[in-house]
Amino acid sequence: MKWSEIYIPTLREDPAEAEIDSHKLLVRAGYIRKLAAGIYNYLPLMQRVLLKITNIVREEMNNAGAQEILMPVLHPAELWQASGRWEIMGKEQMRMKDRNQRDLVLGGTHEEVITTFLKGEIRSYRQLPLNLYQIQVKFRDEIRPRFGLLRAREFYMKDAYSFDTDEESFKISYQKMLNAYKRVFDRCGLDTKMVESDTGAMGGKAAHEFIVLVDTASGESVVFSCDSCSYAATVEKAISLEEKISDDHEKEKPLNKVSTPNLKTVVEITNFLNVSPKKLVKTLLYKADNQIIAALIRGDQELNEVKLKNLIGAKNLEMADAATVEKITGAKVGFSGPIGLKNLKIIADLQIAKLKNAVTGANENDFHLTDVNFKRDFKADQIADIRNVVSGETCPHCKKGKLTSSYGIEVGNTFMLGTKYSESLGAKFLDRDGNEKPFVMGSYGIGITRTAQAAVEKFNDDKGIIWPNVITPFSIVITPTDWNNDKIKSKALEIYEHLIERNVATLLDDRDERPGVKFNDADLIGIPLRVTLGPKNLEKNQVEIQIRKTKETIHVPPAEAVSKCLQLLENL
RNA sequence: CGGGGUGUGGCUCAGCCUGGUAGAGCGCUUGCUUUGGGAGCAAGAUGUCGGAGGUUCAAAUCCUCUCACCCCGACCA
């Protein structure tokens, strides 16, 4: 392709809309343009990258025995009502009515559709296992679209769905997908970590995510991993061995009420009373569906809403507002405590049960209680792990390694769905013994557009993007420093033709621009190899090959340029 | 949804506080010079100042409403 024949609108300045490097670069380098919040146009360079990624995904999925199909983007509401997800998905699910006032859903995932489709088709165990996938636009009305393609509302995704006769067979199918995923991301040049994750709105038994670790907060997931074994999990899911706390054996002192005028925060109170935040019981009121509950957590720790939500089996969980808190506890926010709370469920974190002589709110304005003791002074309906793991805690698997946290970009996920959808939608088959059974299902996603941006986030420098050769829009850019110089021009064209003949994706910068502009653009759009033809080198019968990643330059005679490039590309 | 912020030429922004008929840099067009890391000179084109209403002799500027976008939070296959 000649540069003059492909639309690459590079920008000199960072776009105002972007916050993180990969987003800035994709816009600056002419890969994407925003249409609306979280909705993007993919320009020619981007489309080439997306095609490369989808081809890799396609190959690996096909190799794993999955078959490509294409399903509708618009779904009738009835499917989602039948599975029970009409209520669960919430506002993230884009909904609309057609001209006849029928409710429709813009598909953010396709469990309902595929299960309903196969329900009428697969009748015998002989037809299983089956794995179908598609690569398609998805729409999710994200509360807060952010970071360009990393959290867009409209995005490209590969979603696969497996159907098996039983758990045993399913395990094989699931493992095949895990292997395929590893290969996909390896081929894309991305190091991924497979972590245990929450099943969220997908439901099912268990789930994994494939995460690209990044050092900036641009990764929207936080993952914990063990430094001595392979355990890793998202913050929503991670657990640790309960750490022993030092005052475990303190003698219980008599309960006290102290005046704490206007002291509401953990820091204010613990400073005032001169105790560690570890000794404070935070009492958080939540609205779980239509019921108010209290969650108790140590002052220095964070509540994990996902764990809490899963524990009590709530569909919706949100913090109670200030008015509700006052109504329930009889005191302002900041003075809540478990003692004296009536008619509501109290759930305490495991760590709370171990505290001796703790501090809590008195459920009375400007007062706290000290030397509060679990069992003696208050009880809990449930005691469970409902907190976030903290860096440095001990691994629950090997029981000796330390857990450390890092940011990550989730590029793929896999869900063990069990029979959740096949049962709710009545998708059954006849087994060997003639019994009707629901399919055992799995679902598997890869964010195509997100993977592309994850690669940019991972591979860039102050000049621009540095694509791995496997997913770059072009492998080589030929840069004649002076397009009006006939000798340079004909040599450049000659090398270009030869590379094209060998099927190398090559971009020829035939613009009448100054060399500096061409070099900067080439660096910005991230092409792995640049072949530069300038008058001085050409007089010495040389062209220059520069490796984008290392800035290393190699001089070779023009006749050897093609073979040298091919050789270099092997390792990029 | 709560809090904060921004909308001015294709892009990045100044001007707004203190009202007086719209600017810079980049980009774009033409010409000449220049040609290995975002060139120089000269000449030019481009804006209903997000939208609606109001105050005023006069509104980019003040007021009200509204829309869009960005950031923080809540949320997240």
Side-chain angles (χ1 to χ4, degrees), chain A residues 9-20 23-24 27-28 30 33-39 85 88-93 107-111 138-148 150-153 155 157-160 197-204 207-210 217 220-222 234-236 286-287 303 305-306 309 316-322 410-415 417 443-447 450 462-464 479-485 488 509 511-524 530 532-538 543-544 546 551 553:
Chain A
T10 58
L11 301 174
R12 204 175 272 240
E13 285 167 287
D14 279 338
E17 75 192 49
E19 191 78 353
I20 60 170
H23 185 194
K24 287 178 187 167
V27 176
R28 265 194 70 203
R33 288 291 186 265
K34 189 178 68 182
L35 180 64
I39 302 179
R85 286 210 289 182
I88 291 175
M89 292 306 267
K91 289 182 182 162
E92 205 177 303
Q93 186 175 51
T109 179
H110 281 69
E111 283 76 13
K138 292 278 184 285
F139 195 97
R140 293 180 192 168
D141 198 4
E142 292 286 350
I143 293 177
R144 179 136 105 91
R146 231 195 303 202
F147 303 144
L150 289 187
R151 192 175 320 172
R153 292 197 289 171
F155 56 99
M157 178 166 149
K158 185 283 307 175
D159 46 325
S197 64
D198 182 62
T199 56
M202 301 297 300
H208 292 94
E209 287 180 3
F210 284 76
E220 85 283 37
S221 316
V222 173
T234 61
V235 63
E236 290 84 16
Y286 273 85
K287 209 175 130 198
L303 182 82
E305 292 188 4
V306 172
K309 192 174 171 181
N316 288 297
L317 182 75
E318 55 181 339
M319 279 196 98
D321 54 48
E410 176 195 347
V411 286
N413 52 29
T414 58
F415 295 89
L417 298 176
S443 96
Y444 316 87
I446 290 179
R450 190 183 265 189
D462 58 336
K463 296 299 243 175
T479 308
T481 59
D482 183 359
W483 192 244
N484 295 317
N485 178 320
I488 292 176
D509 196 345
R511 295 175 300 170
D512 187 13
E513 286 287 354
R514 300 172 64 80
V517 172
K518 294 185 173 189
F519 294 151
N520 280 309
D521 272 345
D523 288 349
L524 180 60
R530 188 184 78 207
T532 310
L533 294 91
K536 283 176 193 159
N537 278 323
L538 217 50
V543 298
E544 177 188 295
Q546 185 172 77
K551 297 192 171 78
T553 59

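In the text below, chain A, chain B and the rest are named by the order of the sequence lines, each starting its count at 1. Note that this is a predicted model, so its numbers are computed, not measured.
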I'd like the P distance from B/C76 over to B/G19, given in whole Å. 50 Å

In whole Å, I'd like the distance from the CG atom of A/L35 to the C1' atom of B/C70. 17 Å

Span that lies between the C1' atom of B/U48 and that of B/G7, in whole angstrom: 16 Å

When the C1' atoms of B/G36 and B/A42 are compared, how many Å lie between them, rounded to an integer? 27 Å

If I pick the C1' atom on B/G38 and the same atom on B/A52, what distance separates them, to the nearest angstrom? 43 Å

Looking at B/C71, I'd like to know if its phosphate oxygens (OP1 or OP2) sit under 4.0 Å from a side-chain N or O belonging to A/R144. yes

Could you give the distance separating B/G50 and B/C70 at their C1' atoms, to the nearest angstrom? 15 Å

Under 3.5 Å donor-acceptor pair, A/R146 side-chain atoms to B/G73 base atoms: no

Pairing partner of B/G36 (Watson-Crick or G-U wobble, both distances under 3.5 Å): none

Nearest-nucleotide 5' precedence on RNA chain B, A/G38 against A/P15: A/P15

Is A/E13 salt-bridged to A/R28, going by a charged N under 4.0 Å from an acidic O? no

Looking at B/A68, which nucleotide sits across from it as a Watson-Crick or G-U wobble partner, both distances under 3.5 angstrom, or is there none? B/U6

Among B/C13, B/C76, B/A74, the one nearest any side-chain atom of A/I143 is B/A74

Would you indicate, yes or no, if B/C76 has its OP1 or OP2 atom less than 4.0 angstrom from a side-chain nitrogen or oxygen of A/K91? no

For B/C71 and B/U29, measure between their P atoms and round to the nearest Å. 33 Å

Does A/L524 or A/D14 map to a spot on RNA chain B nearer the 5' end, using the closest nucleotide for each? A/D14

Is it the case that the side chain of A/N413 and the backbone of A/G445 share a donor-acceptor pair, with hydrogens and angles ignored and the cut-off at 3.5 Å? yes

Please classify the nucleic acid contact of A/M157 as base, sugar-phosphate, or nothing, using heavy-atom distances under 4.0 Å. base

What's the CD-P distance between A/E17 and B/G50, to the nearest Å? 19 Å

In whole angstrom, give me the gap between the C1' atoms of B/U64 and B/U55. 11 Å

N/O donor-acceptor pair under 3.5 Å between A/K91 side chain and A/D141 backbone: no

Using Watson-Crick or G-U wobble geometry with both distances below 3.5 Å, tell me the partner of B/G47, or none. none

B/C57: pairing nucleotide in any strand, Watson-Crick or G-U under 3.5 angstrom: B/G20

Taking atom P in both B/G9 and B/A14, what distance in whole Å separates the two? 12 Å

Treating A/K518 as the side-chain partner and A/R511 as the backbone partner, does any N or O pair qualify as donor plus acceptor under 3.5 Å? yes

Using a 4.5 Å cut-off on heavy atoms from C-beta on, say whether the side chain of A/H23 contacts that of A/L150. no

State which residues pass ring pair (Phe, Tyr, Trp, His ring centres under 6.0 Å) with A/Y444; sequence neighbours excluded, sorted by chain then number. A/Y174

With A/R151, which residues qualify under salt bridge (charged side-chain N to carboxylate O under 4.0 Å, His left out), at least two apart? none

Under 4.0 Å protein heavy-atom contacts per nucleotide of nucleotides 23-37 of chain B, with B for base, S for backbone only and - for none: --BSS------B-BB

Considering only side-chain heavy atoms of A/E92, which listed nucleotide, B/C1, B/G38, B/C76, is closest? B/C76

Between B/C69 atom P and A/H23 atom NE2, what is the distance in whole Å? 13 Å

With sequence neighbours left out, the residues meeting salt bridge (charged side-chain N to carboxylate O under 4.0 Å, His left out) with A/E111 are A/R85

Could you state the atom-to-atom distance from CZ of A/F147 to C1' of B/C69 in whole Å? 16 Å

Here the distance between atom C1' of B/A74 and atom CE of A/M319, to the nearest Å, is 10 Å

Residues passing the side chain to side chain donor-acceptor pair (under 3.5 Å) test with A/T199, sequence neighbours excluded, are none

At 4.0 Å (heavy atoms only), tell me whether A/F139 reaches a base, stays on the sugar-phosphate, or touches nothing. nothing

From CZ of A/R85 over to P of B/C76, roughly how many Å is that when rounded to an integer? 14 Å

Pick base, sugar-phosphate or nothing for A/K309, based on heavy-atom distances below 4.0 Å to the nucleic acid. sugar-phosphate

Would one find a side-chain N or O of A/K138 under 4.0 angstrom from OP1 or OP2 of B/C76? no

Nucleotide forming a Watson-Crick or wobble pair with B/C41, both distances under 3.5 Å: B/G31

Look through every strand shown and name the nucleotide pairing with B/G73 as Watson-Crick or G-U wobble, where both distances are under 3.5 Å. B/C1

Classify A/R153 by what it touches in the nucleic acid, base, sugar-phosphate, or nothing, heavy-atom distance under 4.0 Å. nothing

Atom pair distance, as rounded to whole Å: CZ in A/R33 and C1' in B/C11: 9 Å

Quick one: side chain to side chain donor-acceptor pair (under 3.5 Å) partners of A/E92, sequence neighbours excluded? none

Here the distance between atom P of B/U6 and atom NZ of A/K34, to the nearest Å, is 17 Å

